[in-house]
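Position 1 is the first residue of the sequence, and the numbers go up from there. Atoms within a ligand are numbered from 1 in the order they appear, just like the ligands themselves.
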Amino acid sequence: MDREPVICIESVGVRYGQAEALRNVTMPIYRGCITAIVGPSGCGKSTFLNCLNRMTDMIEGCQVAGRIRIDDAQIIGRRIDLLALRRRVGMIFQKPNPFPLSIRSNLTFPLKEHGVRGRRRREARARRALEQVGLWKEVRDRLDEPALALSGGQQQRLCLARALVLEPRILLLDEPCSALDPMASAVVEDLIGSLRGRYTVVIVTHNLAQARRVADDLAVFWKVDGAGTVIERGPASQVFASPKHELAAAYVSGRRG
Ligand code: ADP
Ligand code: MG
């Protein structure tokens, strides 16, 4: 597989007011790979993801320092086109959050917002996104029903479709399966695995077995001296087999965390 870094994170630090959430985070994220972020709660995993599409801008008092380069553009500390960034870097959260609209509108509305003209064109893209997440057959006869009437697992797949419909290159997933039952979780996890190669995926998960199954690369975050940082990273197989850091070793073996 191509090991070209698509996101370069260098010396990133994040503060919420006086509180330091992340310190000195440096890591590459490789194109077409699935990078899993693991670590105990509160160690800054969500904060890290939020930096990658500048969701941190929405949080009052949140300050990000350091450098994050996506493709050839620095995205930190300068004025950039945030709508364009978020089109390229889609995001899915722990709790499925479809818009309180019809299933169809959940997909056609973002397309409209992003300037895609023509109802038929938008509907064709909506269908393709639903097919990609394996929902088309389940919902084709009820596209005008409320998205919130779908099951949790279906809602999460719809949220994934809503991100995919904008044809992003990078997907950020923050514990996308942890609010789902085991069956729905397995479906979403398989779907994430199927994105490998076509998208660059960064997934936060507290489920180590899931990280082992889906990740190409693994980063272990830990709170050190009051702020989260990366204590171990590399190809997932290597980090699981022979972690160098004592805490990372204890964590990935399930002895700690
Ligand atoms: P994780 O996702 O690993 O559980 P978070 O990134 O959510 O960790 O949180 C990292 C630290 O930043 C925690 O100490 C948390 O309390 C703090 N934090 C997160 N979000 C905010 C916020 N909006 N305002 C203030 N502090 C926050
Ligand atoms: Mg979190």
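In this structure, atom 16 (O) of ligand 1 has no protein heavy-atom contact shorter than 4.0 Å. Under the 4.0 Å distance rule, the nearest protein heavy atom to atom 21 (C) of ligand 1 falls inside the cut-off.
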Item to check | Asn24/Thr229 under side chain to side chain donor-acceptor pair (under 3.5 Å): CA gap, chis, key distance, verdict | outcome: CA-CA 6 Å; Asn24 199 24; Thr229 196; 5.7 Å; no
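Nearest protein neighbour of atom 7 (O) of ligand 1, counting heavy atoms only, is Ser46 CB, 3.9 Å. Looking only at protein heavy atoms, the nearest one to atom 8 (O) of ligand 1 is Gly44 N, 3.2 Å. Residue, atom and distance of the protein heavy atom nearest to atom 23 (N) of ligand 1 are Ile59 CG2, 3.5 Å. Of all protein heavy atoms, the one closest to atom 18 (N) of ligand 1 is Tyr16 CE1, 3.3 Å.
For CZ of Phe99, the number of neighbouring non-hydrogen atoms (other residues, nucleotides, ligands) closer than 6.0 Å is greater than 12.
Between the side chain of Arg196 and the backbone N or O of Val214, at least one donor-acceptor pair lies under 3.5 Å. Of the possible donor and acceptor atoms, none in the side chain of Gln63 sits under 3.5 Å from a partner among the backbone N and O of Arg15. Glu232 places a side-chain N or O within 3.5 Å of a backbone atom of His245 that can act as its donor or acceptor partner. Between the Arg86 side chain and the Asn53 main chain, a donor and an acceptor come within less than 3.5 Å of each other.
Ionic pairing of Asp71 and Arg31 is present here: one or more N-O contacts between side-chain nitrogen and carboxylate oxygen are shorter than 4.0 angstrom.
If you number the atoms of ligand 1 from 1 as listed, the ones under 4.0 Å from a heavy atom of Ser41 come out as 4 (O).
The closest non-hydrogen atom to atom 11 (C) of ligand 1, taken over Gly226, Ala227, Gly42, comes from Gly42.
Here Ser46 meets the criterion, with an N, O or S atom under 2.8 Å of the Mg ion (ligand 2).
Using a 4.0 Å cut-off between heavy atoms, Thr47 contacts ligand 1 through both its backbone and its side chain.
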